Protein chains: 2
Amino acid sequence: MTPKSAYHHGDLRAQLIAAVRELVETHGPDGFSVAEAARRAGVSSAAPYKHFKDRHEILRGVVSEAMDRLRIAMEDGAAAHPIASLEAIAAVGQAYVDFARTEPGVFRLVFSLTEGHENAPDLLAKGANCFGVVVHAVARRLDLRPDDPDVQRRAYMLWSFVHGHSFLTIDMKHKVASAEIDDWSYLMTISRAILAAA
Amino acid sequence: MTPKSAYHHGDLRAQLIAAVRELVETHGPDGFSVAEAARRAGVSSAAPYKHFKDRHEILRGVVSEAMDRLRIAMEDGAAAHPIASLEAIAAVGQAYVDFARTEPGVFRLVFSLTEGHENAPDLLAKGANCFGVVVHAVARRLDLRPDDPDVQRRAYMLWSFVHGHSFLTIDMKHKVASAEIDDWSYLMTISRAILAAA
DNA sequence: AATACATGTGAGGGTTGTTAACTTTACCGC
DNA sequence: GCGGTAAAGTTAACAACCCTCACATGTATT
């Protein structure tokens with residue numbers, strides 16, 4: 001743990017991930033280089049390859065960690081409201097949007113891993129878990145089982161919606177869509193509409 | 001036009017954009033290099049810089065062209081159905097989703113230009129035009145003016161929705177959300193719900 | 001025909017991703 | 001304590017890439 005020796009400073013993997021997260025956040029998903037990350041961690045540019053096979057694997061590490069945080073935020077959002085309430089559903093969406101607003105770079109990264117990341121079952125699983133939070137909230141609200149097709153359909157609708165809004169909101173920080181949008185009332189409206197739709 | 005001389009082959013700019021589009025589509029938004037594009041166009045690796053300042057500027061060229069095609073597809077979608085019909089609105093969304101499915105790489109690229117592209121007023125304008133198609137369709141349906149705040153709000157909701165669905169659909173080609181989804185009935189349901197919502 | 005300009009080439013500097021061979025440290029059974 | 005093994009660093013090197021420079025070659029203007 002404690003970097004006694006300067007060699008083997010004991011915590012490189014985590015420090016690299018942190019450095020990359022910062023780089024991605026400030027310079028965008030492409031403005032990252034393993035060389036710069038190594039520099040920031042105070043090691044040689046070859047050191048990272050003792051912990052990661054690829055630059056891709058480092059990115060996957062960042063994404064994995066980010067998805068954990070996202071899921072927790074969503075769960076916390078739901079937990080802050082009465083079970084089966086509409087608010088609980090909207091709060092899950094709010095957590096999602098908040099995450100995108102707070103860390104747009106990382107948020108983008110999470111959804112841009114396409115090449116070189118084909119086989120990443122753990123990431124797929126974590127994605128499914130995030131979706132699961134939505135499903136769970138919807139199931140509670142409708143008093144149905146989570147695997148009910150209707151629940152799945154509505155949850156997916158909600159997710160599309162929140163996902164799209166999140167992306168649009170960070171893309172056009174300088175307003176394209178006329179006015180500012182009040183997330184909460186927006187999310188409540190949508191949640192209501194989707195739960196009521198045929 | 002006709003490359004008489006081998007030098008000055010007269011059409012390099014367009015050919016580069018085409019080459020990059022292909023590269024982005026097959027190797028993903030990151031798997032593109034100016035060098036490779038030049039190679040495919042049959043010119044030296046320095047030639048592109050006579051037409052584009054940056055690698056970023058080439059990408060912007062690809063995006064610009066793609067947004068034109070997207071807008072046209074959306075307009076055509078709407079035009080294929082009776083004015084003011086719900087189908088016309090859904091068809092705009094369908095065109096959007098189809099574009100994403102057909103050219104996922106380019107679609108991603110369009111929405112990942114963040115760094116080095118801060119000042120691109122033409123792209124912002126084209127984005128606004130695409131949104132304008134949705135707004136127009138909604139305004140027709142509700143028999144209101146396009147600049148009516150309610151129209152803008154509902155159009156934005158629809159857009160978020162379709163945008164999110166498009167992304168999710170190309171991200172998880174291998175189904176995370178349980179079953180396959182029938183785009184058209186999905187889009188009709190959503191359009192109806194959003195136009196009816198409070 | 002002479003000149004100006006646009007558009008190509010080639011060489012080269014600086015950065016990156018990644019590997020290979022080597023060195024240093026931590027740890028484990030004796 | 002002691003020696004061996006594996007983990008985790010290092011330097012050196014290569015190819016690829018972005019981009020700039022000085023120069024070459026066509027095209028267009030006058």
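Reminder, nothing fancy here: chain letters follow the sequence lines and each chain counts from 1. Computed from a predicted model, the values in this text were never measured in an experiment.
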**Study point:** Short N-O contact, B/D122 and B/K126, less than 4.0 angstrom
**Key:** no

**Study point:** Side-chain donor or acceptor of A/R154 paired with backbone N/O of A/L195 under 3.5 Å
**Key:** yes

Check your understanding: Going by number, which of residues 51-65 of chain B have a non-hydrogen atom under 4.0 Å from DNA chain C?
Key -> B/H51

Please report, to 0.1 Å, the donor-acceptor pairs under 3.5 Å made by any side chain of residues 133-146 of chain B, with sequence neighbours excluded.
unit_1, atom_1, unit_2, atom_2, d
B/R141, NH1, B/A84, O, 2.8
B/R145, NH2, B/D147, OD2, 3.2

Practice item. Select one nucleotide: of D/dT11, D/dC19, C/dG8, the one nearest the side-chain heavy atoms of B/L12. Key: C/dG8

Check your understanding: B/Y156 versus B/Q152: any side-chain heavy-atom pair under 4.5 Å?
Key -> no

Exercise for review: Kindly indicate, with the supporting measurements, whether the criterion ring pair (Phe, Tyr, Trp, His ring centres under 6.0 Å) is fulfilled by B/F167 and A/F167.
Suggested key: CA-CA 10 Å; B/F167 259 106; A/F167 259 106; 4.8 Å; yes

Check your understanding: In terms of side-chain geometry, is the basic nitrogen of A/R21 or A/E25 positioned less than 4.0 Å from the acidic oxygen of its partner?
Key -> no

Point to revise | Audit row: B/F161, B/Y186, ring pair (Phe, Tyr, Trp, His ring centres under 6.0 Å) steps and yes/no | key: CA-CA 11 Å; B/F161 206 83; B/Y186 188 56; 5.7 Å; yes

Exercise for review: Check whether any side-chain heavy atom of B/K50 sits under 4.5 Å from a side-chain heavy atom of B/V43, and report yes or no.
Suggested key: no

Revision key, fill the gap. Ranking A/K50 and A/S45 by the position along DNA chain C of their nearest nucleotide, the one closer to 5' is A/S45

**Study point:** Sorted by number, the residues of residues 28-44 of chain A with heavy-atom contact under 4.0 Å to DNA chain D
**Key:** A/V43, A/S44

